[in-house]
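First comes the structure, then the notes that go with it.
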Amino acid sequence: STEAAEAHWIVYTPLLTYRHRSGSDGADLIPGLAQRLPRISPDGRRYRLSLREGLVYSDGRPAVASDFEYTIQRAIRLGWPGKSFLTDNIVGAEAYERGEASDISGITTDDVSGQISITLVRPYGAFANILALPATGLVPSGTPMHNLSAKPPPGVGAYRITDVKPGRRWVMVKNG
């Protein structure tokens, strides 16, 4: 629902996000968990980002770059309705979806440096906007690959979801 999307936006902060403003100012793409907007290769196929240092999930675990690949894998496995934005664009994501690969070859990460590199099948000008969708907001590696609506996993956003009554309500609590 649109209500859930609003909650996810501030619980599961993605690498990129939108300025939290009304009107056209809210359409500005800004860094979320990334240090800055992506560096895009001249051919438009490689996106390089760096995860900000010191990020922690609402349960206290540190966020690491490899959590990004896991998050993308999980979005695909859970059947997120927008998964074709990932499988149609990221090298190896389609093979991962079909079960022909155990990882997504177009995503490389380095937990020590926080570097994330994403290689696209072909240039796609709106790909940075895909990186701002709440479904790409980090969850810890190892988060179960099934629906956790009743007990949402931790996120790195400003809030966390608690006291869930599926289909009825949830409570949000400020992190920190």
Side-chain angles (χ1 to χ4, degrees), residues 1-38 47 49-86 90 104 107 109-116 118 126-176:
S1 69
T2 54
E3 294 85 7
E6 286 292 320
H8 287 172
W9 189 38
I10 57 177
V11 172
Y12 302 105
T13 304
L15 294 175
L16 304 178
T17 191
Y18 293 95
R19 192 173 305 285
H20 290 244
R21 299 260 165 80
S22 297
S24 61
D25 288 343
D28 292 339
L29 198 59
I30 61 171
L33 301 184
Q35 290 181 4
R36 62 189 58 83
L37 293 175
Y47 284 62
L49 302 107
S50 297
L51 195 62
R52 285 190 286 134
E53 291 182 22
L55 295 171
V56 294
Y57 290 100
S58 57
D59 67 359
R61 282 185 273 183
V64 294
S66 59
D67 292 339
F68 173 74
E69 181 177 6
Y70 188 84
T71 296
I72 300 304
Q73 291 171 345
R74 188 169 182 273
I76 292 169
R77 286 279 155 85
L78 288 178
W80 170 54
K83 72 179 176 176
S84 65
F85 289 127
L86 307 171
I90 302 173
I104 300 173
I107 299 175
T109 61
D110 182 332
D111 288 344
V112 174
S113 68
Q115 298 295 305
I116 298 167
I118 307 157
F127 189 73
N129 299 91
I130 292 168
L131 295 176
L133 294 170
T136 67
L138 297 188
V139 295
S141 294
T143 298
M145 295 246 187
H146 60 266
N147 185 326
L148 295 173
S149 295
K151 189 170 173 30
V156 186
Y159 291 84
R160 60 187 163 88
I161 299 172
T162 65
D163 192 26
V164 177
K165 303 289 185 239
R168 311 240 346 120
R169 72 178 175 100
W170 68 87
V171 174
M172 296 184 73
V173 177
K174 188 156 181 58
N175 273 331

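By convention here, the first residue in the shown sequence is residue 1. Fair warning: this is a prediction, and the values are worked out from it, not measured in the lab.
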Between the main-chain N or O of [Y] and the side-chain N or O of [X], is there a donor-acceptor pair closer than 3.5 Å?
{"X": "Thr143", "Y": "Pro140", "answer": "yes"}
{"X": "Thr136", "Y": "Leu131", "answer": "yes"}
{"X": "Tyr12", "Y": "Leu133", "answer": "no"}
{"X": "Asp67", "Y": "Leu138", "answer": "no"}
{"X": "Asp59", "Y": "Pro154", "answer": "no"}

Provide the closest heavy-atom pair for [X] versus [Y] in the form atom of the first, atom of the second, distance.
{"X": "Thr71", "Y": "Val139", "value": "OG1-N, 3.0 Å"}
{"X": "Thr109", "Y": "Ser66", "value": "OG1-CA, 3.4 Å"}
{"X": "Thr162", "Y": "Val173", "value": "OG1-CG2, 3.6 Å"}
{"X": "Asn175", "Y": "Ser58", "value": "OD1-CB, 3.2 Å"}
{"X": "Ile107", "Y": "Ile90", "value": "CG1-CG2, 3.9 Å"}
{"X": "Pro31", "Y": "Leu37", "value": "CG-N, 3.8 Å"}

Would Ser50 and Gln115 satisfy side-chain hydrogen bond (donor to acceptor under 3.5 Å, both in side chains), going step by step from the backbone distance to the final call?
CA-CA 5 Å; Ser50 297; Gln115 298 295 305; 2.6 Å; yes
Between Asp163 and Arg169, is there a salt bridge with N-O shorter than 4.0 Å?
yes
Find the distance between [atom1] ([X]) and [atom2] ([Y]) and round it off to the nearest 0.5 Å.
{"X": "Lys83", "Y": "Leu78", "atom1": "NZ", "atom2": "CG", "result": "10.0 Å"}
{"X": "Glu53", "Y": "Gln35", "atom1": "CD", "atom2": "CD", "result": "6.5 Å"}
{"X": "Leu49", "Y": "Ile118", "atom1": "CG", "atom2": "CD1", "result": "5.5 Å"}
{"X": "Ser141", "Y": "Arg74", "atom1": "OG", "atom2": "CZ", "result": "11.0 Å"}
{"X": "Arg61", "Y": "Leu55", "atom1": "CZ", "atom2": "CG", "result": "14.5 Å"}
{"X": "Gln73", "Y": "Ile76", "atom1": "CD", "atom2": "CD1", "result": "7.5 Å"}

Beyond-backbone contact of [X] with [Y], side-chain heavy atoms, under 4.5 angstrom:
{"X": "Leu16", "Y": "Pro38", "result": "yes"}
{"X": "Leu33", "Y": "Phe68", "result": "no"}
{"X": "Ser149", "Y": "Val164", "result": "no"}
{"X": "Leu29", "Y": "Tyr18", "result": "yes"}
{"X": "Ile104", "Y": "Glu69", "result": "yes"}

For the pair Trp80 and Phe85, name the ring-plane relationship: parallel under 30°, tilted 30 to 60°, perpendicular over 60°.
tilted
Heavy-atom count check: over 12 atoms from other residues, nucleotides or ligands less than 6.0 Å from Arg36 CZ?
no
Would you please name every residue forming a ring-ring contact (aromatic ring centres under 6.0 Å, His included) with Tyr57, sequence neighbours left out?
none
